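Data block below; observations after.
Basis for what follows: all heavy atoms, side chains included, without hydrogens, waters or symmetry-related copies. Keep in mind the model is a prediction, meaning the values are calculated, not measured.
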Protein chains: 2
Amino acid sequence: MAYTVGQVAGLAGVTVRTLHHYDEIGLLSPSGRSSTGYRRYDDADLERLQHIRYYRELGFPLEEIAAILDDPASDPTAHLRRQHELLTVRIKRLQEMVTAIEFAMEASKLNIQLTPEERFEVFGDFDPEAHAEEAERRWGGSEAYRESNRRVSRYTKEDWLRIKAENEDWGRRIVALMSSGAPADSPAAMELAEEHRQLISRSFYECSYEIHTGLADMYLADERFTAHYEAIAPGLTAYLSEAIHANAISRA
Amino acid sequence: MAYTVGQVAGLAGVTVRTLHHYDEIGLLSPSGRSSTGYRRYDDADLERLQHIRYYRELGFPLEEIAAILDDPASDPTAHLRRQHELLTVRIKRLQEMVTAIEFAMEASKLNIQLTPEERFEVFGDFDPEAHAEEAERRWGGSEAYRESNRRVSRYTKEDWLRIKAENEDWGRRIVALMSSGAPADSPAAMELAEEHRQLISRSFYECSYEIHTGLADMYLADERFTAHYEAIAPGLTAYLSEAIHANAISRA
DNA sequence: GCTCCGGCCTGCCGTTACGTGAGGGTCAAG
DNA sequence: CTTGACCCTCACGTAACGGCAGGCCGGAGC
């Protein structure tokens, strides 16, 4: 079977100009020409183009692709295996970027400034183990965190406004309670802690009592989260943390 | 906090030249300069750069990124949501490419020529429904097919050679049986059909009796698979298909 | 046989997103 | 006060095509 440039271009989803270019630089020269000078591509040319397209999608420069494809030491299935591996690595990378975006959304939700490192962690030559460990430390089981955060990405602006309003309402009430002098382990405080937990469960992720106490500890340990609650009212961080712990114990 | 070009470049994983370029075209101009003309970037600049990097990774041209970022109608979380969505679409696309590669490996294993459409299906403006339907028709449940084929990608050249040898041995025995005149629903033929199923299960994917009969039908329906078995021995396709059906029924 | 219209050819210049010096100030550590 | 690492501004180079000009096919219809 023989094909013209236009046909090949249509099949492969590239422009005719691109095929001309590949011919010019010798990356993909059609196996023959018609008597009138038309390029004629055969099935072997198509297979080569297929590999070219995959390697290109993976970001390889044309020169390097030529070197890879012309390497006599690698049979066709070797290319397939290689492309398969490169693709899965790429997918993993993109999934890390998704997680990073979700983290940024979480931070943005609480008006928390990301550190420069956090902003670009996913782009640098990061240590994957340290990364996983960090997520583990911060979220106490990254699996639940990731799964749950799928929801966040689907929220509209209206959802966000509603969530914000709910949070602010809750904030006003716990500040009022704290200033009234009620202790952090009082039933009223525990009730507000429980409400806090349910707010998270409804809007973000299933927040177990275990995760909730983990969050309480994190609020105390991470100054950026501390700052968030202290900005609402001084002393609120400790008050809330204590209430969360008391609530968790009483429900156990 | 203020940063120099070099620091920003290090953090964000780009070159100093890139930052110079972004400054030149007005995409990211540092918020200030030192008395001696040094660029000074602040946290807001870093946040902008963060978005630039994500959009770039997604293939947006710089000019378009500038337009998006300077659009007053979109708040910062809108960018995050948008990037999240674009990333997941991208991941889906790459996963389709992985499936396509696995299909190509499967075909290569049997020395089957792909049609031009199959080679570039994943690049063209393909209809996703038709694609899924095709996979469904061909593999009777693409999920099992995809999951199982993860194995294939890890095979070494030696594995392939071993598998090939096993297949050829099986081929010789079924050809011998067929020429001996034993009917396709004889115990011996059914035994070889069962062996065929187990060969697939061991080397490629868990092949249930249901899938196995699906394969039998496919061998008859798809001329490329037919050609594969007819090349071994004329009439083998029909013989094997019948044996597979007989075997499946007897085991039910 | 003629006539179109869409497809093909070969230049050739333009563009994007930087890479890569050249030539020359700047900053902090010793 | 030197020295090495870092910063500045030109300015030209490169990869991978895009897009157009000017001209040659090819087959469907009259």
Side-chain angles (χ1 to χ4, degrees), chain A residues 1-42 45-46 48-70 116 120 123, chain B residues 1-42 45-46 48-70 116 120 123:
Chain A
M1 280 290 259
Y3 310 86
T4 68
V5 257
Q7 290 171 329
V8 173
L11 277 168
V14 299
T15 66
V16 170
R17 180 66 182 85
T18 299
L19 293 175
H20 284 174
H21 183 61
Y22 291 172
D23 191 3
E24 273 173 40
I25 64 172
L27 174 59
L28 177 67
S29 298
S31 57
R33 294 271 187 150
S34 78
S35 58
T36 51
Y38 281 28
R39 289 174 178 78
R40 333 209 85 244
Y41 295 84
D42 65 12
D45 295 330
L46 288 190
R48 189 174 170 94
L49 181 54
Q50 175 195 338
H51 289 309
I52 292 172
R53 286 239 57 192
Y54 274 99
Y55 281 126
R56 271 258 69 199
E57 182 79 25
L58 289 161
F60 283 78
L62 299 184
E63 203 175 341
E64 204 167 329
I65 296 176
I68 295 172
L69 291 181
D70 293 338
F120 302 107
F123 293 111
Chain B
M1 282 292 259
Y3 310 86
T4 67
V5 257
Q7 290 171 328
V8 173
L11 277 168
V14 297
T15 65
V16 170
R17 179 67 181 88
T18 299
L19 293 176
H20 284 173
H21 183 61
Y22 290 172
D23 191 3
E24 273 173 40
I25 64 172
L27 174 59
L28 177 66
S29 298
S31 56
R33 293 271 186 149
S34 78
S35 58
T36 52
Y38 281 28
R39 276 169 255 258
R40 331 209 85 245
Y41 294 84
D42 65 13
D45 294 330
L46 288 190
R48 190 175 170 94
L49 181 54
Q50 175 195 339
H51 289 308
I52 292 172
R53 287 239 55 192
Y54 274 98
Y55 280 126
R56 272 258 69 200
E57 181 79 25
L58 289 162
F60 283 79
L62 299 184
E63 202 175 342
E64 204 167 330
I65 295 176
I68 295 172
L69 291 181
D70 294 336
F120 302 107
F123 294 111

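- Going from atom NE2 of B/His20 over to atom C1' of C/dT16 covers 19 Å, rounded to whole Å.
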Please list, for nucleotides 20-22 of chain C, all pairs of protein and nucleotide N/O atoms separated by less than 3.5 Å.
from, atom 1, to, atom 2, distance (Å)
C/dT20, O4, B/Arg17, NE, 2.9

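- Using a 4.5 Å heavy-atom threshold, the side chains of A/Arg48 and A/Ile65 count as separate.
- Judged as a side-chain hydrogen bond (donor to acceptor under 3.5 Å, both in side chains), and not counting sequence neighbours, the contacts of B/Asp23 are B/Ser29, B/Arg33, B/Arg39.
- Taking 4.5 Å as the limit, some side-chain heavy atom of A/Arg56 sits within range of a side-chain heavy atom of A/Leu62.
- For DNA chain D, the outermost nucleotides in 5' to 3' order that have an atom under 4.0 Å from a heavy atom of chain B are D/dC6 to D/dA11.
- Near DNA chain D, meaning a heavy atom under 4.0 Å away, the residues from residues 25-39 of chain A are A/Thr36, A/Tyr38.
- Side-chain contact check for B/Leu49 versus B/Tyr22: some heavy-atom pair is nearer than 4.5 Å.
- Annotation: side chain of B/Glu57 is in contact with side chain of A/Phe123 (closest heavy-atom distance under 4.5 Å).
- Scanning for side-chain contact (heavy atoms from CB on, under 4.5 Å) contacts around A/Ser35 gives an empty result, with sequence neighbours left out.
- Residue B/Gly6 is the one, among B/Gly6 and A/Leu62, whose nearest nucleotide of DNA chain D lies closer to the 5' end (criterion: closest heavy atom).
- Distance alone, capped at 3.5 Å, is enough to place a donor-acceptor pair between the B/Gln7 side chain and the B/Thr4 backbone.
- Within the nucleic acid shown, A/Arg40 has no heavy atom closer than 4.0 Å to any nucleic acid atom.
- We find that CG of A/Asp23 is positioned 14 Å from C1' of C/dG11, with the value rounded to whole Å.
- Listed here is the closest heavy atom pair of A/Arg53 and B/Phe120: CG-CE2, 4.4 Å.
- Heavy-atom minimum distance, A/Leu19 versus A/Val5: CD1-O, 3.5 Å.
- Atom NE2 of A/His21 is separated from atom C1' of C/dG11 by 15 Å (rounded to the nearest Å).
- Using a 4.5 Å heavy-atom threshold, the side chains of B/Leu11 and B/Gln50 count as separate.
- Scored by the side-chain hydrogen bond (donor to acceptor under 3.5 Å, both in side chains) test, A/Asp42 finds A/Ser31 as partners (sequence neighbours excluded).
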